[in-house]
There are 2 protein chains.
Amino acid sequence: MASTGDDRRPKYQRIADSLREAIQSGEYGPGDRLPGENDLIAEHGVARMTARQALGVLKDEGLAESRKGAGVFVRSFRPLRRRGIQRLSQEQWGSGRSIWSADIETRTLTVDQVAVSEEAAPEHVDRVLDLGQGETVCVRRRRFVLDEKPVMFATSYLPTSVVAGSAITQKDTGPGGTYARLAELGYKPVHFREEIRSRMPTRDEAQQLGISAGTPVILICRTAFADEGRPVEINEMTLDAASYVLEYDFDA
Amino acid sequence: MASTGDDRRPKYQRIADSLREAIQSGEYGPGDRLPGENDLIAEHGVARMTARQALGVLKDEGLAESRKGAGVFVRSFRPLRRRGIQRLSQEQWGSGRSIWSADIETRTLTVDQVAVSEEAAPEHVDRVLDLGQGETVCVRRRRFVLDEKPVMFATSYLPTSVVAGSAITQKDTGPGGTYARLAELGYKPVHFREEIRSRMPTRDEAQQLGISAGTPVILICRTAFADEGRPVEINEMTLDAASYVLEYDFDA
């Protein structure tokens, strides 16, 4: 931030801000070593604790990471931009492309774990999908990996009465994925709701996503609706927050 | 989650899940005392550490909080639902209502701090707003409070060349707020982009938002565009993640 007449930011924050700007402008690229505590002390005339706090800010923000004995480096993992709205538009899945290909641009997001099963519906899923008495759901659990690092878990729930016998119950749902198959079954998704929360990961989540200390998860719960507001899928996603920027573009 | 044949969840997680369901179903309401460690030990036949972990899960998720010597209680602060898209539709601000009133339903979200100033633009703002050489920005810093708890900071940047002399440079922007004024000035916002990230708060942010331990912040950066893609406002928001659910509703 450009300094102003009454800059009340504490010193460590000002140093962190200037380092952040240098990272954002590309002066320090992914994997580059940042100035160390001694460099910051010499350059800014601050105490060691202040220099440490400044670097701590960037680590807390997921911009930098310590490597033992070597210093503090710009995180080389670039966040993935997830475009919520274009990603789900019919042009994407209508033409047989995976909805995920909109996200990844030149990088390769792959599913490294898939499990599909028929289960009793969790209560909150039962309530939203408006299932018949005792009706089960098809549950699709997937883990997504980018540059060999797990970045997201997704668990989809679909009414068995809708998807039974289709490729949705197989590991490979075929071209265009689940939404193309739902369309063929007469339940084309026409409306989506995404609800977003953030919290600290559970121990399990941290382990399974390989999340660094001080990094939250973002939870996205997406509900897909077919004609007449019929809910046909709930997809609960758990994202490593340091790996993602979510984007929503919309008209007034 | 309804239990299935192969429930591999660890015990503490199963206990946490059942307590979460009881909270979500309303069995335990806001402010209610949850079963304590001794209750969970007696009921589930688990070790104290397991009972403690189960309650820890709910605290990490922001659903429960400890009160010294009294036990663990359902957090009485209900998250605010922020509807990203409807909230910004012209019907809202076009008719003189604050864009915020869509959020709050029956609860009262108020601005308890406002500061307006003319400043040099931070570099990332300069780049996005496409300012003229040396052009300054009008900076509006606000803090929003719900039920007397601070829940969000927002800092808006608008080109001085666009807003000079208007109520946007005053603390009170008048009916319909900044967007209604921009429309009067010939820069009606017609398109929005919201970018969302999450990270741990800085010390300052935690203090100023009164954030409990183990709670991240959600960052929303909104850019408002007038006709021909002219960016007219950047609004950087910092939200207490335990206080918010963000919702985006959109058609395929």
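Chain B forms more heavy-atom pairs under 4.5 Å with one residue of A:Cys221, A:Ala241, A:Pro201, A:Ala224 than with any other, namely A:Ala241.
Shown here for A:Ser198 and B:Ser198, the closest heavy-atom pair between the two residues is OG-OG, 2.5 Å.
Of the two parts of A:Tyr12, only the side chain, counted from C-beta on, holds a non-hydrogen atom closer than 4.5 Å to a non-hydrogen atom of chain B.
With rounding to the nearest 0.5 angstrom, the OG atom of A:Ser243 is 11.5 Å from the CZ atom of B:Arg197. The line from CD of B:Glu21 to NE2 of A:His124 is 8.5 Å long, rounded to the nearest 0.5 Å. Rounding to the nearest 0.5 Å places CD1 of B:Ile196 at 8.0 Å from CD1 of A:Ile220. Atom CZ in A:Arg199 sits 12.0 Å away from atom CD1 in B:Ile218 (nearest 0.5 Å).
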Start with the C-alpha gap between A:Phe192 and B:Tyr248, add the side-chain angles, then the distance that decides, and say whether side-chain contact (heavy atoms from CB on, under 4.5 Å) holds. CA-CA 8 Å; A:Phe192 298 94; B:Tyr248 293 89; over 6 Å; no
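Contact annotation: the side chain of A:Glu194 never approaches that of B:Glu247 to less than 4.5 Å [non-hydrogen atoms, C-beta and beyond]. Side-chain atoms of A:Asp249 and B:His191, non-hydrogen and from C-beta on, do get closer than 4.5 Å to each other.
Sparse packing is recorded around CD of B:Gln207, with 12 or fewer heavy atoms of other residues, nucleotides or ligands lying under 6.0 Å away.
Every side-chain hydrogen bond (donor to acceptor under 3.5 Å, both in side chains) that B:Arg52 has, sequence neighbours left out, goes to B:Glu37.
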